[in-house]
Amino acid sequence: MPTTTLFTVPPSPPTTTKRSSLSPSSPSSVASTTTSHFPNVDRLAFLIEKSKSVNHILQIHAALLRHGLHDHPILNFKLQRSYSSICRLDYSVALFESTEKPNVFYWTAIMHGHAQCGLHEQAIFYYVQMLTQGVQPNAFTFSSVLKACSLQPGKAIHSQAIKFGFDLDLYVRTGLVDVYARGGDIMSANQVFDTMPEKSLVSLTSMLNCYAKHGKLEEARALFEEIKDRDVVCWNVIIDGYAQHGLPNESLLLFRQMLAAKVKPNEITVLSVLSACGQIGALESGKWLHSYIKNNGIRINVHVGTALVDMYCKCGSLEDARMVFDRITDKDAVAWNSMIVGYAMHGSSQEAFQLFNEMCRIGHQATDITFIGILTACGHAGLVNNGWGFFNLMKDQYKIEPKIEHFGCMVNLLGRAGHLEEAYDLVKNMKIKQDPVLWGTLLGACRLHGNVSMAEEIAEFVLSHNLANSGTYILLSNIYAAAGYWDGVARMRLLMKDSGVEKEPGCSSIEVDNKLHEFLAGDLRHPQSKQIYMMLEEINSWLKANGYTPQTDIVLHDLGERQKEQCLQVHSEKLAIAFGLISTRAGTAIKIVKNLRVCLDCHGVMKQISKITGRNIIMRDRNRFHHFVNGSCSCGDYW
DNA sequence: TTAGGGTTAG
């Protein structure tokens, strides 16, 4: 019986056993098949199909040439397909072109090969050529070419499939659902799907994917619940749908259900679940998943490795991230970027720069994302000159046109460092479309440096050019509040109310024993609420004893001093830290994730708590990580 | 009178 170990060199066989040329047991024996035995076509066909590397295929190809079998229609066809399957389209095309009068099998295979390798236009070109040469397509042809179609050509192929009578074929229909799904035409996808004469698990999954990809999670869930024998692909689609559309908790919940349903996760599953862990900042769950991967034979290839690096960075453990990163053997630019961006968000600028140099040294091309990481690193460290240096390097040497995100990093860097005019000029003069977020960044810098006049000038421009969003009103309101212009605050609140804008409430979360606990400001919903508030009282007495003054001026409401203090005391991050202190062992680090930027008062309080309790506190806010150790923060109070 | 081809997750 042939096995997949055919291409490994076996222990030396007894010399008395005559090895048949029909069952070669090593690559060289394929190529050196020169005995009188005529190779069996089935056997060679099998060997071609089993081949996974270009060398194996080339050896078999050579053997075919030696035996004059290269013209054999099936072997030639299989060879062509085999080269395509490893994306060696050069060989595949050469074979195809040397085939006299290729039949529909050859045409379909060459289309499929190109579609598979992402050469979509080429695949469609072959389809047109085939028709021009009078070869009739069949159902296989349509399902192959559809893989290469975006919405417009897809519609044309759809009509042709109807014309040739293959549109009811299960595979063709599934391909059509997929075309409409990819093109975002959910209505048409639905219509094609609903009118399918029969539905397979694959077609159901294709429709499920359509909903999940486009954030139609309710529809996706309803369809998912209807599917009887869910396979791993099905689960992957729904888990990823939640992970990519802002519901990472739901994604983790489904992952647990998948395990309970005894469906074995694969590489694709863990990519989505790791992303979900990263979004939540769930380090314990992420670590558990890492061990699961190791214990269940899921290979840590460059994709899984990068997802792990990303998860560890976002969950606050740079050490674990770096350990995984160093073990990735075939790092691509994405892997390097994830580690560089990780260092950047922790404010480890020097490490980010070092890694960037290392990446360049070994010949990896930096991408636009690399520069986002590097410029972010400059921003967190206030390195204005370095920032300009990298920004220009990117444009001039790497020929990467700065995108809105790069301008965002620069405006943030300049604005934060007090170079307000420079930042203003950069935004005014940039050649790409004006963006509300960028103006928001600039307004944020005006707020930080108390420049009310520039803020008002910008506000006027932004409001009159329809560039305001919810953030603009909030920022302006905050700027007025900080300057004590309560009239201005009232005006902005009115504008916000009229435009239906609501401020996103601050929310902090903390993971204890694999369970996520979320807190809003002043939250009383937690079962241990009473103990949490008692702990808060204790913290307050510690702070008082240490002479800490609450930063009441950051409370942007027109309230009295005592009320402002009370307002600060129940900020979500304070509830989370209080819960962390009562629910974890003394000495363990506490990790908190906040959806907004940490406020000045909470930042000061965290520093004090780290000193008083001797605990390390790691806090991820919307902007970056803060590591509080013994009374100081890794951000150096610059954030 | 034959063999060979296709659809879903990343």
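Computed from heavy atoms alone, side chains included, the values below leave out hydrogens, waters and symmetry copies. Labels below follow one simple rule: chain letters A, B, ... track the order of the sequence lines, proteins then strands, and each chain is numbered from 1.
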Please list, one pair per line, the donor and acceptor atoms closer than 3.5 Å that link side chains of residues 252-266 of chain A to other protein atoms, with sequence neighbours excluded.
{"unit_1": "A:Asn266", "atom_1": "OD1", "unit_2": "A:Asn236", "atom_2": "ND2", "d": "3.2"}
{"unit_1": "A:Asn266", "atom_1": "OD1", "unit_2": "A:Ile268", "atom_2": "N", "d": "3.0"}
{"unit_1": "A:Asn266", "atom_1": "OD1", "unit_2": "A:Thr269", "atom_2": "N", "d": "3.2"}
{"unit_1": "A:Asn266", "atom_1": "OD1", "unit_2": "A:Thr269", "atom_2": "OG1", "d": "3.0"}

Contacts table for residues 102-113 of chain A: side-chain donor-acceptor under 3.5 angstrom, sequence neighbours left out:
{"unit_1": "A:Asn103", "atom_1": "OD1", "unit_2": "A:Phe105", "atom_2": "N", "d": "3.0"}
{"unit_1": "A:Asn103", "atom_1": "OD1", "unit_2": "A:Tyr106", "atom_2": "N", "d": "3.2"}
{"unit_1": "A:Tyr106", "atom_1": "OH", "unit_2": "A:Pro73", "atom_2": "O", "d": "2.7"}
{"unit_1": "A:Trp107", "atom_1": "NE1", "unit_2": "A:Pro102", "atom_2": "O", "d": "3.2"}
{"unit_1": "A:Thr108", "atom_1": "OG1", "unit_2": "A:Val104", "atom_2": "O", "d": "2.7"}
{"unit_1": "A:Thr108", "atom_1": "OG1", "unit_2": "A:Thr141", "atom_2": "OG1", "d": "3.3"}

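Within residues 302-310 of chain A, no residue is approached by DNA chain B to less than 4.0 Å at the level of any non-hydrogen atom.
Between A:Ser203 and A:Thr174, the shortest heavy-atom contact is CB-OG1, 3.5 Å.
The side chain to side chain donor-acceptor pair (under 3.5 Å) test applied to A:His61 returns A:Tyr83, not counting sequence neighbours. Applying the side chain to side chain donor-acceptor pair (under 3.5 Å) rule to A:Asp240 yields the partners A:Gln244, A:Ser272; only residues at least two apart in sequence or on another chain are considered.
A:Asp71 contributes atom CG, which lies 8.0 Å from atom OG of A:Ser98 (distance to the nearest 0.5 angstrom).
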In B/S/- notation (B base, S sugar-phosphate only, - none; protein heavy atoms under 4.0 Å), nucleotides 3-10 of chain B written 5' to 3' is BBBBBBBB
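For the pair A:Arg173 and A:Phe193, the cation-pi criterion (under 6.0 Å, within 45° of the ring axis) is not fulfilled.
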